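For clarity, every value in this text was computed on a predicted model and none was experimentally measured. Hydrogens, waters and symmetry mates play no part in the numbers below; they use all other heavy atoms, side chains included.
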Amino acid sequence: MDASTVTPSPETAPARLTPMMAQYFEIKASNPDCLLFYRMGDFYELFFDDAEVASRALGIVLTKRGKHEGEDIRMCGVPIERADDYLNRLIALGHRVAVCEQLEDPAEAKKRGGKSVVRRDVVRLVTPGTITEERLLEPGRARLLVAVQRTRGADARWTFGLAALDLSTGAFSLSETDEAGIAAEIARLEPSEIVAAQSVCDEPTFARLIADLRAPTTPMAREAGDGAAAALRVCEFYGVETLDGFGAFSRAEIAAAALALAYVKRTQLEARPALSPPTRKARGASLEIDPATRANLELTRTLGGQREGSLLATIDLTVTPAGARLLAERLASPLTDPAAINERLDSLDFLIEAAPTRDALRRELSGAPDFLRSLSRLSLDRAGPRDLASVRDGLAAAGALARILGSAEALPPELLSAYSALRADCGALHADLAKTLADDLPLVKRDGGFVRAGSLPPLDEARALRDESRRVIADMQAAYAEETSVRQLKIRHNNFLGYYIETPQAQGEALLKAPLNATFIHRQTMAGALRFTTNALVELEAKIASAADRALALELDAFERLRQASLAEGERLRAFGGAVAEVDVAAALAELAVKRDWTRPVVDSSLAFRIEGGRHPVVEAALKSAGEPFVANDCDLSGDAADGGRIDVVTGPNMAGKSTYLRQNALIALIAQMGSYVPAGRAHVGVVDRLFSRVGAADDLARGRSTFMVEMVETAAILNKASPRSQVILDEIGRGTATFDGLSIAYACVEHLNAVNRSRALFATHFHELTQLAETLPRIVNLTMRVSEFKGSLVFLHEVMPGAADRSYGIQVAKLAGLPASVVRRARKVLADLEASRPSGTLDSLPLFSYEPHEPAPPPPPRRDELHEALAALEPDDLSPREAHAALYQLKRLLDDKR
């Protein structure tokens with residue numbers, strides 16, 4: 001939601017404007033799509049419609065001052081020291097803010113004339129995707145600006161290029177996709193802001209996608225990143241002749257990169273961020289997950305939008321902000337290359353076995369600062385002394401990690417690569433920072449006091465004059481008294497003479513004669529006293545008068561020298577930052593595996609999916625905190641290249657755990673492919689190329705979609721895109737419409753998955769008729785959730801077993817939910833009547849598939865003696881104690897029903 005305001009332009013403004021307001025109109029006209037933070041002394045002021053918008057968004061008072069075209073000038077303001085807080089709230093609401101600063105001191109403006117206005121101009125545009133201030137950033141979350149551009153290929157199809165840029169760290173990556181994959185790619189990146197070519201924004205499909213993602217979006221002119229000029233723009237930014245040294249990029253990717261850099265230049269004005277060279281993420285290198293699946297599986301946010309309760313929050317044991325961001329990136333982009341996945345798993349194997357090394361690494365990592373973000377602020381000249389300290393401490397942490405890894409034997413490839421990066425020599429920079437920076441540092445460099453005493457002699461002298469002028473004067477007085485033998489010699493000060501030396505007249509006569517008259521210069525004769533000065537005293541007075549300014553100037557010079565030195569080592573520092581994050585993630589996932597009893601999965605290129613004792617990581621953690629156990633379950637969807645994967649049809653009552661079972665197996669595949677141990681006793685996962693989940697749905701009122709329509713749209717996407725290498729979980733397809741309609745849709749979906757997609761799939765349903773498909777389709781297997789019933793109450797065992805549920809237990813669940821007893825009794829009677837008149841037998845005998853409206857309904861079949869059949873089927877010697885217990889409950893239920 002951009003701030004679009006209507007404010008007067010210089011042309012429409014009356015001729016007799018104050019100079020300040022004329023300046024305001026001129027600056028506002030250059031930034032019409034931003035809220036203008038107009039610096040006036042210690043406040044940022046907002047005027048006209050900007051003030052209206054800001055007062056509502058920030059909850060601050062809207063005032064009026066003066067007139068414009070006969071109307072009051074609306075205004076509000078925020079104090080400079082709290083500006084970051086207000087900026088954060090405005091950015092969170094999607095506004096863009098132009099920060100207009102005073103570029104000179106008011107005293108300088110007065111020298112040009114009494115009515116001269118202080119020079120002001122916009123120094124930066126603050127947008128959701130270009131924030132760098134530490135107070136406005138989430139430490140463990142990347143702040144991505146994503147630029148989208150498209151090119152048409154030889155086949156006349158559009159190819160989309162995406163450039164993901166994190167201005168707060170300098171990370172810059174490129175990727176491309178087709179129209180079908182653009183939603184999944186943008187969802188993977190989870191952008192804070194999207195910038196796209198105007199032609200792309202005008203496309204209805206893209207506009208709907210942006211509306212769904214609810215990300216702030218800014219359209220850019222076509223020439224910003226298109227055609228032959230795109231590559232030239234990227235080359236100019238990095239100061240190279242060609243991009244070949246960075247890798248092979250497509251036309252769409254280069255166009256997106258140029259668009260991103262054009263937007264950075266527009267928002268940062270003269271500041272030049274230190275960006276890493278662009279890296280390319282190959283299409284198909286990561287597991288594709290569409291936005292609906294990401295939301296359903298609650299990977300980084302719950303359905304309510306909270307981080308707490310998500311998979312990321314559950315597995316995040318990292319101890320550095322950079323590690324937390326990398327873990328989130330890996331969770332969002334699981335790999336599809338078995339070799340790369342197993343390389344990550346090898347690191348976990350090593351750190352699990354080498355517990356002392358893991359513990360030592362995590363101790364050092366816990367003190368490592370977020371120095372990549374500090375480096376970015378240094379490059380933009382928005383840093384403070386603490387950012388330099390962050391670089392200093394980051395270098396120290398990198399050295400400590402290198403020593404720990406260097407003492408270990410037989411490092412796996414990933415950790416060996418990190419060690420090689422960490423051992424690079426930046427000792428000179430670290431020594432300079434450590435020597436120069438004080439222990440207690442201010443937030444803002446203009447406050448001074450951040451250079452260590454003794455590291456810069458001229459600064460020590462200036463500080464001494466500034467802070468200890470009395471002692472310096474006393475020392476000089478004592479030295480002159482000793483030199484002249486005039487014990488009553490005093491150094492005094494007044495506004496007319498400044499500092500001067502005063503002696504009694506009789507004793508001062510000696511200072512008028514050689515050789516002392518060469519040093520002491522007579523200035524004034526008083527009744528009973530003589531006054532003198534010296535060249536040294538004149539110089540000291542000048543130094544004292546300018547000591548504070550000189551001390552600050554020296555500190556700012558030292559800051560700039562250290563800033564430039566840090567930027568000169570930017571490439572190594574970024575390599576350090578990447579290595580620190582990799583080590584942190586590996587150590588955190590190893591710690592997670594040990595604490596949660598997770599196991600290493602077998603990951604290969606087969607179509608296997610075999611899980612023994614699988615658990616849902618989030619549900620298990622919640623139950624454990626409540627002191628309750630999680631019931632683990634097996635899952636086998638394995639298939640082969642010729643036939644495809646298996647489809648498990650899962651039946652059972654609500655609340656029995658079907659949705660948890662479906663989700664946990666999807667999450668196990670995802671967690672395995674991000675290179676982590678998994679919550680299972682054993683796991684064999686053949687790499688999944690796309691993960692689809694349709695679990696739960698809600699109305700999309702804003703787009704006029706019912707729950708059923710949302711369900712059908714998501715199901716359509718699955719059936720159109722899933723491949724034999726995909727994994728699909730579908731829950732209650734067809735439940736949002738009439739029974740026969742829903743059953744027919746569910747039937748057709750299972751049939752399509754089996755015959756066309758051939759994906760590994762879990763299909764949960766209350767349509768028990770679908771279980772009969774297992775008799776005719778060999779890749780379909782029936783599973784059911786075990787429950788026991790006693791005196792009309794259900795006991796959920798949360799166990800998955802082969803077979804099909806005999807009914808849905810909906811009335812029992814309704815009773816548990818608290819429906820009135822009269823309603824439950826009536827429902828039982830209606831259900832009995834319906835079951836008595838319902839045809840039974842095979843799927844083909846159902847009215848849905850064979851009944852014609854003009855034919856008489858077949859007579860109801862004779863009722864079976866289910867109690868007798870169940871009792872006859874029991875083999876007491878073959879039952880485990882748990883199975884015998886469940887069987888008793890089943891027999892008791894049948895007896896109650898018969899009564």
Side-chain angles (χ1 to χ4, degrees), residues 39-44 79-85 99 101-109 118-119 123-124 132-136 270-271 369-371 373-396 429-475 493 499 539-568:
R39 176 76 177 268
M40 295 183 68
D42 293 333
F43 280 78
Y44 287 118
I80 297 296
E81 64 270 14
R82 293 191 57 198
D84 282 354
D85 295 333
V99 179
E101 293 287 359
Q102 296 179 177
L103 303 183
E104 65 177 345
D105 189 273
E108 293 295 320
V118 174
R119 283 201 302 268
V123 297
R124 61 180 295 211
T132 57
E133 286 80 1
E134 183 178 10
R135 293 174 60 189
L136 306 184
E270 298 303 319
D370 199 357
F371 60 91
R373 283 185 163 170
S374 293
L375 181 65
S376 178
R377 286 190 287 272
L378 287 166
S379 72
L380 294 167
D381 202 12
R382 296 181 196 138
R386 295 178 189 178
D387 289 304
L388 288 175
S390 178
V391 173
R392 176 198 65 195
D393 298 342
L395 290 171
L429 175 60
H430 179 260
D432 196 4
L433 290 167
K435 173 187 174 183
T436 306
L437 294 176
D439 295 327
D440 188 16
L441 299 173
L443 181 64
V444 180
K445 62 184 178 182
R446 295 202 65 85
D447 289 345
F450 55 84
V451 174
R452 187 184 299 276
S455 65
L456 197 61
L459 176 61
D460 292 339
E461 179 184 350
R463 283 174 173 171
L465 290 173
R466 181 196 66 192
D467 302 333
E468 304 176 31
S469 58
R470 289 186 178 181
R471 184 184 60 78
V472 173
I473 291 294
D475 290 345
H493 181 274
Y499 284 99
E539 292 175 3
L540 178 60
E541 180 178 9
K543 288 181 180 180
I544 291 174
S546 62
D549 291 340
R550 184 164 176 264
L552 180 58
L554 288 170
E555 288 205 72
L556 294 178
D557 287 344
F559 182 93
E560 183 61 20
R561 177 178 60 80
L562 293 174
R563 185 177 81 91
Q564 293 297 338
S566 299
L567 294 177

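Counted by atom type alone, T436 and D432 present one or more donor-acceptor pairs between their side chains at under 3.5 Å.
Residues V444 and P385 approach most closely at C-CD, 3.9 Å, considering heavy atoms. I80 approaches Y44 most closely through the heavy-atom pair CD1-CE1, 3.4 Å. Between A565 and L429, the shortest heavy-atom distance links the atoms CB-CD1, 3.9 Å. Nearest heavy atom pair, residue A462 against residue A547, reads O-CB, 3.6 Å. When all heavy atoms of L441 and A438 are compared, the pair lying nearest together is CD2-O, 3.4 Å. Considering every non-hydrogen atom in both Y499 and E541, the closest pair reads N-OE2, 3.4 Å.
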Next on the checklist: Assess the residue pair T132 and R373 against the criterion (side chain to side chain donor-acceptor pair (under 3.5 Å)); give the C-alpha distance rounded to whole Å, side-chain angles, the decisive distance to 0.1 Å, and a yes or no.
Outcome noted: CA-CA 7 Å; T132 57; R373 283 185 163 170; over 6 Å; no
Checklist entry - Can you list the steps and then say if D439 with R452 is a side chain to side chain contact (heavy atoms under 4.5 Å, CB included)? => result CA-CA 8 Å; D439 295 327; R452 187 184 299 276; 3.1 Å; yes
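Taking 4.5 Å as the limit, every side-chain heavy atom of V391 sits out of range of all side-chain heavy atoms of H430. With a 4.5 Å cut-off on side-chain heavy atoms, E555 and K445 do not count as touching. Annotation: side chain of L375 is not in contact with side chain of R377 (no heavy-atom distance under 4.5 Å). Between R386 and E134, every side-chain heavy-atom pair lies at or beyond the 4.5 Å cut-off. Side-chain contact between V118 and M40 is absent, with no heavy atoms from C-beta onward closer than 4.5 Å. Counting heavy atoms from C-beta on, the side chains of L437 and L562 come closer than 4.5 Å.
Rounding to the nearest 0.5 Å places CD of E81 at 12.5 Å from CG of L443. Distance check, rounded to the nearest 0.5 Å: NZ of K435 to CG of L456 gives 8.5 Å. One distance of note links CD1 of I473 with CD1 of I544; it measures 4.0 Å at 0.5 Å rounding. A distance of 9.5 Å separates CG of L395 from OG of S390, quoted to the nearest 0.5 Å. Interatomic distance, F559 CZ to D381 CG, rounded to the nearest 0.5 Å: 7.0 Å. Separation of atoms CG (L554) and CZ (R463) is listed at 9.5 Å; rounding is to 0.5 Å.
Panel note: side chain D393, backbone P369; no donor-acceptor pair is recorded below 3.5 Å. Using a distance-only test at 3.5 Å, with no hydrogens or angles considered, a donor-acceptor pair links the side chain of Q102 to the main chain of G41.
Electrostatic pairing of R563 and D387 does not count as a salt bridge here, judged by no charged N lying under 4.0 Å from a carboxylate O. Between R561 and D557 no salt bridge is recorded (no basic side-chain N to carboxylate O distance below 4.0 Å).
Partner of E461 under the side-chain hydrogen bond (donor to acceptor under 3.5 Å, both in side chains) criterion, out of R550, K543, R466: K543 alone.
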